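Structure, as structure tokens:
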Amino acid sequence: MLARPYHPGDVPFMMQGAASNAWDLVPGPERTPDAWMRAAGFSYGNLMTMLRQPGGTALVLEDAGRPVAFILLGIGPDSYTGQVYGYLGDIFVAPEYRRRGLSLLLHQEAERYFRQQGVRQGKLWIGAENQAALESAKKAGFEPEGYVLRKRYTAPST
Ligand SMILES: CC(C)(COP(=O)(O)OP(=O)(O)OC[C@H]1O[C@@H](n2cnc3c(N)ncnc32)[C@H](O)[C@@H]1OP(=O)(O)O)[C@@H](O)C(=O)NCCC(=O)NCCS
């Protein structure tokens, strides 16, 4: 398995993975065609924005000449503390390559990249239902920093 920086030929694979990740975050009842277009559009915009930002890149794992996994990386200051941190924007492993340790390899390569850039802290955001990504991140050494909470205001309050 070859780990390398992305090149423009990887963008279609990364667009597909990023769109799939965004769609995974849309709750079942909200999965309309419009929501699909929004998720795909947003994830594409986010991918391109992160790749164009200073320090932004993606690392790709290649098998037999084709991309099979990627991790999208950015570097920026924390809004409150100003401390620079590395942001892991998207991580995606093609379904047929899962459970072979590739996410851990991507985390390892991401850490190597951030260290080279002088970055000493990494952060990522994971949907509450995504047990695979959570377990993988924990195995890579991440721990919770905070919680994003939601309450649905559907039923009348008591
Ligand atoms: C999450 C994801 C990146 C994990 O990639 P992977 O290469 O299959 O994971 P690994 O093989 O490196 O697994 C590392 C550890 O993570 C955990 N893990 C991975 N997949 C898991 C699953 N389906 N259920 C529970 N734990 C899981 C395990 O602890 C695993 O270690 P083990 O195999 O020794 O038990 C992959 O499932 C994926 O691409 N999912 C869709 C995209 C996504 O959800 N991305 C994250 C949101 S941005």
Side-chain angles (χ1 to χ4, degrees), residues 1-7 9-33 35-53 55-79 84-115 117 119 121-150:
M1 195 68 56
L2 173 70
R4 57 164 175 77
Y6 85 102
H7 56 61
D10 299 317
V11 169
F13 171 73
M14 294 196 293
M15 277 171 61
Q16 217 181 341
S20 163
N21 283 357
W23 187 238
D24 281 347
L25 291 171
V26 179
E30 291 163 30
R31 293 190 164 197
T32 60
W36 165 249
M37 295 299 285
R38 280 171 182 275
F42 171 81
S43 58
Y44 176 65
N46 183 59
L47 176 67
M48 288 309 169
T49 303
M50 282 187 67
L51 291 177
R52 286 186 191 124
Q53 272 170 359
T57 192
L59 305 176
V60 166
L61 298 181
E62 181 182 303
D63 185 36
R66 69 182 188 101
V68 298
F70 77 96
I71 192 163
L72 178 63
L73 306 176
I75 296 175
D78 182 275
S79 310
V84 172
Y85 71 95
Y87 176 61
L88 298 87
D90 257 314
I91 178 165
F92 179 82
V93 176
E96 64 274 28
Y97 283 83
R98 289 182 189 165
R99 295 314 288 260
R100 299 194 205 172
L102 298 197
S103 74
L104 297 180
L105 184 55
L106 286 170
H107 274 295
Q108 203 177 305
E109 293 297 322
E111 184 167 335
R112 191 202 309 274
Y113 173 76
F114 285 139
R115 283 179 183 275
Q117 306 297 315
V119 172
Q121 187 174 205
K123 295 192 188 194
L124 77 166
W125 190 90
I126 293 172
E129 309 288 320
N130 199 340
Q131 207 57 29
L134 179 63
E135 291 305 322
S136 148
K138 280 174 22 187
K139 216 160 194 174
F142 286 79
E143 57 187 23
E145 181 186 62
Y147 299 95
V148 178
L149 302 182
R150 176 179 66 195

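First listed ligand is number 1; within each ligand, the first listed atom is number 1. Everything quoted here is computed from the prediction, not taken from an experiment.
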Considering only heavy atoms, which of His107, Glu129, Glu135 lies nearest to atom 17 (C) of ligand 1? Glu135
What atoms in ligand 1 come closer than 4.0 Å to a heavy atom of Gly101? 10 (P), 11 (O), 12 (O)
So if I count the atoms of ligand 1 from 1 in the order they appear, which ones are less than 4.0 Å from some heavy atom of Leu102? 7 (O), 12 (O)
May I ask you to list the atoms of ligand 1 that are less than 4.0 angstrom from any heavy atom of Leu104? 12 (O), 14 (C)
Passing option when Leu73 is tested against Tyr87, Tyr6, Phe114 for side chain to side chain contact (heavy atoms under 4.5 Å, CB included): Phe114
Looking only at protein heavy atoms, identify the closest one to atom 47 (C) of ligand 1 and say how far it is in Å. Asn130 ND2, 3.6 Å
Option of least heavy-atom distance to atom 40 (N) of ligand 1 (set: Arg99, Arg100, Arg98, Lys139): Arg98
Contact atoms of ligand 1, heavy-atom distance to Phe92 under 4.0 Å: 39 (O), 42 (C)
At what distance is the nearest protein heavy atom to atom 45 (N) of ligand 1, and which residue and atom is it? Ile91 O, 2.8 Å
Any salt bridge between Glu111 and Arg115, counting N to O under 4.0 Å? yes
Cation-pi check for Tyr113 against Arg4: NZ or CZ below 6.0 Å from the six-membered ring centre and within 45 degrees of the axis, yes or no? no
Using a strict cut-off of less than 4.0 Å between a Lys/Arg side-chain nitrogen and an Asp/Glu carboxylate oxygen, indicate whether Arg100 and Asp63 qualify as a salt bridge. no
If the cut-off is 4.0 Å to any non-hydrogen atom of Ala133, which atoms of ligand 1 fall inside it? 1 (C), 46 (C)
According to the interplanar angle, ranging from 0 to 90°, do the rings of His107 and Phe142 count as parallel (below 30°), tilted (30 to 60°) or perpendicular (above 60°)? tilted
Angle between ring planes, Trp36 versus Trp23, binned at 30° and 60°: parallel, tilted or perpendicular? perpendicular
Checking a contact table here: which protein heavy atom is nearest atom 10 (P) of ligand 1, and how many Å away? Ser103 OG, 3.3 Å
Residues 141-150 vs side-chain hydrogen bond (donor to acceptor under 3.5 Å, both in side chains), sequence neighbours excluded, gives Lys123-Glu145
Does Val93 reach ligand 1 with a nitrogen or oxygen that is under 3.5 Å from one of the ligand's nitrogen or oxygen atoms? yes
At a non-hydrogen distance cut-off of under 4.0 Å, which region of Asn21 contacts ligand 1 (side chain, backbone, both, or neither)? side chain
Has the side chain of Ser43 got a donor or acceptor atom that lies under 3.5 Å from a matching backbone atom of Ala39? yes
